[in-house]
Amino acid sequence: MTSDRSAGLAQSARALADGEVTSRSLVEAALARIEATQTSLNAFRIVRTEAALAEAEAADRELTAGVRKPLLGVPVAVKDDMDVAGEPTAFGCRGEFPPVAKDGEAVRRLRAAGAVIVGKTNTCEFGQWPFTEGPAFGATRNPWSTEHTPGGSSGGSAAAVAAGLVPAALGSDGAGSVRIPASWTHLIGIKPQRGRISTWPRGESFQGITVNGTLARTVADAALLLDAAAGNHDLDPHRPPAVDALQATRRDPGRLRIALSLKPPFTALPARLQPEVRARVVQLAEELSDLGHIVEEADPPYGQIGLTFVPRATAGLAERVREAPFPTLLDRRTRDAARLGGLLGGVPLRAARRAEAVLHRRIGTFFTTYDVILAPTTAAPPPRIGALLGLGGLATDRAMIAACPYAWPWNVLGWPGVNVPAGFVGGGLPVGAQLLGPANSEPLLVSLAAQLEARLRWHTAWPPEHAVTDSPAA
């Protein structure tokens, strides 16, 4: 096995266990690819060169001694909202942040599985927007077209995986922040059940709407990383029953009833599915029908679900802003949204939290008729770099909702969703579709995604090499 960009997570783990390659060589190659693309893609906020090489050498000693762990010696990345001991956690913000003392629980579990954390990937300020840009670090660019965003807020992780800098990465998803960048970079993005991957040292992130998830080029790699990172801290409030996602990718999903849902959930601002994206999602529905599934157009009874999202999102942001060491350096949109969160953090927030159980019952009835929902991940292809960066608050909200009206309801529900590639639209820009299920349905969703992947082989497509390595024009 070579240490080129095409080696996936599972393939790398097998080659290491079989002695075909060393962890040091894999980590050196990953670090070289990161360095070569920082001026073009800018995927990383922090690169742990010395620490990662030392961890790789330690992994090689373990491998030589016969130790076996699921990811022993494999280089991976994590988003810069996750604590890595000895590194700052800036979460897209400006300023000099002190190094944290301990790994977050998800990172601790990755290390326990043997992974080498090569760096922390870029994210927009407090993960609020579906683009990964800001004065703290510049613009992270899409490997498929460096004139466009990879999405957000896990855009750095998505760019790193799509370009083959690392075989897989962790992100987080509070309104689609794993699934949206996965769709716009031609990746698998798993948003798991709330609590599946711990967000500790926070028992809940953004009032429970944000969860940690995985990005990879194949369903099996995304599932393998999910299994490695999954699990709970003793004080976690959400502790779903364990699943074996990787094993589920090897199972036939059976004949399923699938609802094709093209209508955006209600929002106060307009959203319209662009025809070229609709065509790609409908084409996926036809593939599922050809595989023997029953596919019908039907929309879940979302109702006024948006009224429960805003208090949780803004109150959660207000909590982060109160903790921020440099509040005057924050984006004006951040401060304005946090002020709204302060106003909504009492009675409206409690009402929004109580409404979740009602929504579970109402939308849960939909899954007595259907097994899975197929929906667009976004309504549009990725915007150009800078298109949303300088907008005011309301204009940003309008642009976000117009482009990304589909992902956030599953954050309110806390249920799993998986982005799968749906193909390319004008100029070769990737778009995706979501497979959505009820509570703890990750095994079913990844099984169905793996079946689609075996048919469509989307993982064989790569971004053009020149787009990855050439610095964008000034």
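A quick note: this is a predicted structure, and the numbers were derived from the prediction, not measured. Just so you know, residue 1 is the first one in the sequence shown, and it goes up from there.
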Backbone N or O of [Y] within a donor-acceptor pair of the [X] side chain at under 3.5 Å?
| X | Y | value |
| --- | --- | --- |
| S154 | S172 | yes |
| S447 | R251 | yes |
| S441 | L444 | no |
| W144 | P463 | no |
| D244 | Q247 | yes |
| D227 | A245 | yes |
| N42 | G138 | no |
| W410 | G437 | yes |
| E442 | Q193 | yes |
| S177 | S153 | yes |

For this session: Apply salt bridge (charged side-chain N to carboxylate O under 4.0 Å, His left out) to the pair D173 and K191, showing each step before the final yes or no.
Result: CA-CA 6 Å; D173 190 313; K191 172 219 170 297; over 6 Å; no
Under-4.0 Å salt bridge between [X] and [Y]:
| X | Y | result |
| --- | --- | --- |
| D221 | R217 | no |
| R48 | E87 | yes |
| R194 | E356 | yes |
| D371 | R257 | yes |
| D83 | K102 | no |
| E125 | R333 | no |

Problem set entry | Residue list, side chain to side chain donor-acceptor pair (under 3.5 Å) with R353, at least two apart or on another chain | E204, Q207
Could you tell me which non-hydrogen atom of [X] sits nearest to which non-hydrogen atom of [Y], and how far apart they are?
| X | Y | value |
| --- | --- | --- |
| E105 | R108 | OE2-NH2, 2.9 Å |
| P181 | A158 | CB-CB, 3.6 Å |
| V412 | T308 | CG1-OG1, 3.3 Å |
| L170 | A229 | CD2-CB, 4.2 Å |
| A248 | V446 | CB-CG2, 3.7 Å |
| E453 | V219 | OE2-N, 2.9 Å |

Problem set entry | From CA spacing to verdict: side chain to side chain contact (heavy atoms under 4.5 Å, CB included), F367, I373 | CA-CA 9 Å; F367 289 101; I373 296 169; 3.6 Å; yes
Decide whether [X] and [Y] meet the rule of one side-chain donor and one side-chain acceptor closer than 3.5 Å.
| X | Y | value |
| --- | --- | --- |
| E287 | H293 | no |
| T121 | K79 | no |
| N212 | R196 | no |
| T132 | N122 | no |
| N142 | R384 | no |

Exercise. Taking only residues two or more places apart in sequence, or in another chain, which ones meet W200 in a ring-ring contact (aromatic ring centres under 6.0 Å, His included)?
Worked result: H233
For this session: With sequence neighbours excluded, tell me which residues meet ring-ring contact (aromatic ring centres under 6.0 Å, His included) with F91.
Result: F126
Exercise. Does the ring center of H148 lie less than 6.0 Å from the ring center of W184?
Worked result: no
For this session: Would you please indicate if the ring centroids of W458 and H186 are separated by under 6.0 Å?
Result: no
Considering only heavy atoms from C-beta outward, does the side chain of [X] approach that of [Y] to under 4.5 Å?
| X | Y | result |
| --- | --- | --- |
| S198 | R109 | no |
| W408 | P265 | yes |
| T334 | R339 | no |

For this session: To the nearest 0.5 angstrom, please state how far the CD atom of E133 sits from the OG1 atom of T140.
Result: 8.5 Å
Problem set entry | L288 side, atom CG; L260 side, atom CG - distance, nearest 0.5 Å | 9.5 Å
Exercise. When you look at H360 and W415, which way does the side chain to side chain contact (heavy atoms under 4.5 Å, CB included) test go after all the steps?
Worked result: CA-CA 9 Å; H360 282 169; W415 293 347; 3.4 Å; yes
For this session: Begin with the C-alpha distance, continue with both residues' side-chain angles, and end with the deciding distance and a verdict on side chain to side chain contact (heavy atoms under 4.5 Å, CB included) for W129 and T396.
Result: CA-CA 8 Å; W129 304 304; T396 301; 3.8 Å; yes
For this session: For side chain to side chain contact (heavy atoms under 4.5 Å, CB included), just list the numbers for I188 and L215, CA-CA rounded to whole Å, side-chain angles, deciding distance to a tenth of an Å, and then say yes or no.
Result: CA-CA 6 Å; I188 304 299; L215 295 118; over 6 Å; no
For this session: Show your reasoning for whether salt bridge (charged side-chain N to carboxylate O under 4.0 Å, His left out) applies to R111 and E55.
Result: CA-CA 10 Å; R111 288 194 198 275; E55 291 167 17; 3.1 Å; yes
Exercise. Can you list the steps and then say if S205 with R320 is a side-chain hydrogen bond (donor to acceptor under 3.5 Å, both in side chains)?
Worked result: CA-CA 10 Å; S205 183; R320 300 286 182 139; 2.9 Å; yes
Exercise. Around E96, counting heavy atoms of other residues, nucleotides and ligands shown, do more than 12 lie under 6.0 Å from its CD?
Worked result: no
